[in-house]
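Bear in mind the structure is a predicted one, so any value in this text is a computation, not a measurement.
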Amino acid sequence: MNSKNKPILRVAMLTLGAAGLSACGGADDPEVSTLPTGMTTVSVTTYGATTVGSGSTAATQDLLTGGLGRTGLGAATAPTYADPANPTAAELRRNALYANYRGLVDYTANGGYGRLYGPNIDLAGNDTLGEGLIPGREYLAVLDDGTGRKQVTVAVQIPTSFDRNAPCIVAGPSSGSRGVYGALASAAEWGLKRNCAVVLTDAGKGVGLYDPSDDTVNRIDGTRATRTAAGALSHFAATISDTARAAFNAAFPNRLSIKQAHSQVNPEKDWGTDTLTSIRYALYALNQEYADNSPLGNGKLARYTPGNTLVIAGSVSNGGAAVLRAAEQDTSGLIDGVVAAEPSAQPNTTTGYGVSFAGAAVPIFGRSLADYFTFANIYQACAALAPAAQMAETSVYNYMTLTGMNARATNRCTALAAKGLVTGATTADQATDALARMRAYGWTADNDTMHNAHFGLGNAAIISAMYPTGYGRFGLTDNLCGVSFAAVNGTGDVVAVNANTKAASFALANGTANGVPASVVYNDSEGGAKSWAFAVSPSTHMADFALDAALCQRALVTGTDPVTGAALSNVSTPTLAQSQAVRTGIGEVLLNGNLRGKPTLIVTGRSDALLPINHSTRAYSAYNRVVEGNASQLRYVEVEHAQHFDAFIPFSGFDTRFVPLHVYFNHGMNAMWAKLRNNTALPGSQVVRTTVRGGTPGAAPALTTTNVPPIAATPAAGDAITFSGTSIAIPN
C-alpha cells in the first residue's frame, strides 16, 4: 500500500515535533515551508461559486469555469468585454478558461458534454454537480531563472473542499503551446472534483505575444502593456535593442513574436523540471493556507510535504510529454503516479527496441517530433490528394477542399515530382506515392483520410516553423528559413494585427502561429511576403505552400539537403551551424525512458495523425520496457477511433468517425487514484474497442457509453498489448 495513505498521522507528528523542538530549545529548527528558488507569487485570489453568467469580477468567478458554469462553457459564443480594447485581468481569466476548456473537449451535448463528462458530471459519471462551479483560492505565480526570459506561469487552485487530512495534488502542465490554463478540462477538472489542489503551469510556453511595432507584451495576468511598464511581470519580450527593433520593423513591418519560438532558451528542455517546481510551489501554497506559524517566527511550518501528500501528474499532448519527463527527472519522490494522454513522447534512441503491429514489424518508429513534422510538411499536402485519402461526402473534415487548397496541393505534387521527391506521371500517382512515403515513415492507414484536415489547418507548417526556431534558440530577427509570424488577410498578405485581437490574445490565442493572432509567413515568397498557405516558392514559381521553406526546415533537422542529399555546409541554406544548433536543441528534449518505477498510464488514440503513435506512445512504451524491465509499472492503452483533437469532433465528418479520448483520460485518472489510494491494480495494457457514432456527417447521433466502453481491468486475449523480446506487440 502507498505510504501516503496515512497523511493524518504524519501531518500531526510533524506539527507536534516542530513545536516540541521549539519548547525544548532543541538545536534543530522546525521544518519551515519555503518558496521554491526562482518563484514569485503574483497574486492570491478567492473565487466564489455563486453566480453563473458573463460577469467579469472575481466575485462572479470560480476555479473551474470562471463563473460560466456548465451552461456558459457550452455556449456558442464567448463572454464579451466591457471595453474590448482594454479587457481586465479578471475578464481575460474568465475568457481564457472558456477558450481553453473548449479547446480540449467536444463541447456539444451529442458529443458527450454535460452527459458523459463536463463540470456537472461527477467522477462516477453521474449528473450530480449542477453547473459545476468550484469555489476556492488561486495562487498565481511566475518562475524565472534570473534572466527575465524564462517566465513560467504557475497557478495553484485550492478548492474549498480540499481535504486537509488526506491531501492530494494534481499537476497539470498545459497541452500544446497553451497558457497556464491549458490543462483546465483535463487535470484541473478531475483534480478539483477529487478535492485535490491543482497546480497548472504553461511550462515556459503560453501566450507570450510580443509586438515589436509598439514594444508591447502580455503581462503574467494576460493584460497588455509596454515592455517597460510590464517590467518583471512581462511574460515575454524579444531580446532586441530599440535600434535593432526599428530596423527590423522597417524591413519586416507588422511582424509578431511568439514566446515558444523566440525566447531563445529552448523552453521544452525544462518542461519536466518546471512541472516538478510547480509541485513544490503547490506544497508551499498549501502550507501558506493551512499550516501553523513556525514557533520561531520564521514562516509557516511544512505541514504538507512530498512524504504525506499524494501527487498525480496528469495531462495531455505536450502536457503529457511534460509529466513523463517530470517523472523521469523526479529524484526526490515528488510524484506518485503519472497519467499521460496522447503525449508527445520522444525517445532518445530508436535502437534496442521495436514496435510490432498485427504481427508485422514497424520499420520506422521513435523519431523526434521535429523529424516527422518536417517530413510531413513536405509530403502531407500532396498525400491528401491520393485516392485512398478521399471521402465520399463533403464535410469540414475535407478541409482542403472546402478552403480551395487542392489546386495548390496539386502544385505541391508537381513541384515534388520535378525535384525527384515523388514519382508518378499524374497527380493521382504522385499523391499515392506521397501517401506511401507517409505510411512508410510511421503514419498508419488509420491516418489516411486525416491528412487533408491536418495540413489544411496548418499543423505541419506551424510546427515546422516554431519548433526548429525554438530548438536552435533563434530570435525574432533571425527569420529562420525565411519564415516569420504575422497577422494576415484572406489572401495571405501581412497586415497589422487587430488591436482588440491583440488585447484579448491571452484568452484567444493558443501559443502557436495558428492564425489567432499570428500566422506563419514566408518572407521570401515571389511577389512579396505571404502566409504559408498562399506563398509562391522561388525555385518552382508556383503557389505550393512554400515548399522552399519546408525543404529548408527539413534540412535543419537532418543536416542534409532533402533534394540532393548533400551535407550542409557553412555557405548552404540553411547553414551547417544552424542545423547543428537545431539538432542540439532536439537532443535536449528527448526522453530517457526511465520512469523510476512510478505507476504510469499512457492513453492514446489509434487514429492520432498529429503525433503518429509509432513515433510517440508505442515507441516510448517499448523503450520504457527495455530500460526498466520488469520494474516498469507503465501500462499502455490504445483507443480505437480516437484522434488527437477532441475539439474537432463537433465538425461534420469528425462526428461520425471518432470518439472522444477525453473520456479515457478521466478513466485513466480514476484508475491511477484507485491504484495509489487503494492499491487496486492498474488495468493491463490493451486496445479499447470503441464504436463510432456513424449517421449523417454534421448530425451524428448522441454518444453513449456503448460507443466508449471502459478500459478493461483484464483485457481479452485479442485486445491485450504485450511484449515479445524487446518489441511491443499491438494487436490489430
Undergrad: Testing the 3.5 Å rule here: is there a donor-acceptor pair between the side chains of His644 and Asp608?
TA: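 Asp608 and His644 do have a side-chain donor-acceptor pair below 3.5 Å.
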
Undergrad: Kindly say whether Pro517 contributes a backbone atom to a donor-acceptor pair with the side chain of Thr501 at under 3.5 angstrom?
TA: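 No, because the side chain of Thr501 does not come within donor-acceptor range (under 3.5 Å) of the backbone of Pro517.
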
Undergrad: Would Thr226 and Asp214 satisfy side chain to side chain contact (heavy atoms under 4.5 Å, CB included), going step by step from the backbone distance to the final call?
TA: CA-CA 7 Å; Thr226 64; Asp214 59 7; over 6 Å; no

Undergrad: According to salt bridge (Lys or Arg N to Asp or Glu O under 4.0 Å), does anything in residues 552-562 pair up with another residue at least two apart or in another chain? List the pairs.
TA: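 Listed once each, the pairs are Asp371-Arg554.
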
Undergrad: Which class fits the ring pair Phe252 and Phe248: parallel under 30°, tilted 30 to 60°, perpendicular over 60°?
TA: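 Plane angle between 30° and 60°, so tilted.
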
Undergrad: May I ask you to decide if the ring planes of Tyr372 and His615 are parallel, tilted or perpendicular, using 30° and 60° as cut-offs?
TA: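 Tyr372 vs His615 ring planes: parallel.
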
Undergrad: So that I can tick it off, tell me whether Glu588 and Arg583 are bridged by a salt bridge, with the cut-off set at under 4.0 angstrom between side-chain N and carboxylate O.
TA: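 No, Arg583 and Glu588 are not salt-bridged.
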
Undergrad: Applying salt bridge (Lys or Arg N to Asp or Glu O under 4.0 Å) as the test, list every pair that has at least one member in residues 484-494; sequence neighbours left out.
TA: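 Every salt bridge (Lys or Arg N to Asp or Glu O under 4.0 Å) pair that includes a residue of residues 484-494, provided the two are not neighbours, is Asp493-Lys530.
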
Undergrad: Answer yes or no: is there a donor N or O on one side and an acceptor on the other, between the side chain of Ser569 and the main chain of Ser572, under 3.5 Å?
TA: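 At least one qualifying donor-acceptor pair exists.
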
Undergrad: For residues 542-589, which residue pairs qualify under ring-ring contact (aromatic ring centres under 6.0 Å, His included), counting only residues two or more places apart or in two chains?
TA: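 Applying ring-ring contact (aromatic ring centres under 6.0 Å, His included) to every pair that reaches into residues 542-589, excluding sequence neighbours, yields Phe455-Phe545, Trp532-Phe545.
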
Undergrad: Could you tell me how the ring of Phe375 sits relative to the ring of Tyr379: parallel (under 30°), tilted (30 to 60°) or perpendicular (over 60°)?
TA: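 It falls in the tilted class, 30° to 60°.
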
Undergrad: Any chance the side chains of Thr374 and Tyr467 put a donor and an acceptor closer than 3.5 Å?
TA: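 No - no donor-acceptor pair under 3.5 Å links their side chains.
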
Undergrad: Between Trp271 and Ala321, is there a donor-acceptor pair closer than 3.5 Å when you use the side chain of the first and the backbone of the second?
TA: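 No; zero donor-acceptor contacts below 3.5 Å.
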
Undergrad: Regarding Asp215 and Tyr210, is there a side-chain donor-to-acceptor distance under 3.5 Å anywhere?
TA: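 Judged by distance alone, the side chains do pair up.
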
Undergrad: Do Asp242 and Arg245 meet the salt-bridge criterion of a basic N to acidic O distance under 4.0 Å?
TA: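 Looking at Arg245 and Asp242, the cut-off is met.
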
Undergrad: Evaluate salt bridge (Lys or Arg N to Asp or Glu O under 4.0 Å) for Asp211 paired with Arg224, printing each intermediate quantity in order.
TA: CA-CA 10 Å; Asp211 186 348; Arg224 299 284 301 181; 5.3 Å; no

Undergrad: What I want to check is whether the side chains of Lys419 and Ser539 have a donor and an acceptor closer together than 3.5 Å.
TA: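 Note: Lys419 and Ser539 side chains meet the donor-acceptor criterion.
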
Undergrad: Stepwise, does the side chain to side chain contact (heavy atoms under 4.5 Å, CB included) test hold for Asp270 with Lys150?
TA: CA-CA 10 Å; Asp270 297 329; Lys150 185 174 173 69; 3.1 Å; yes

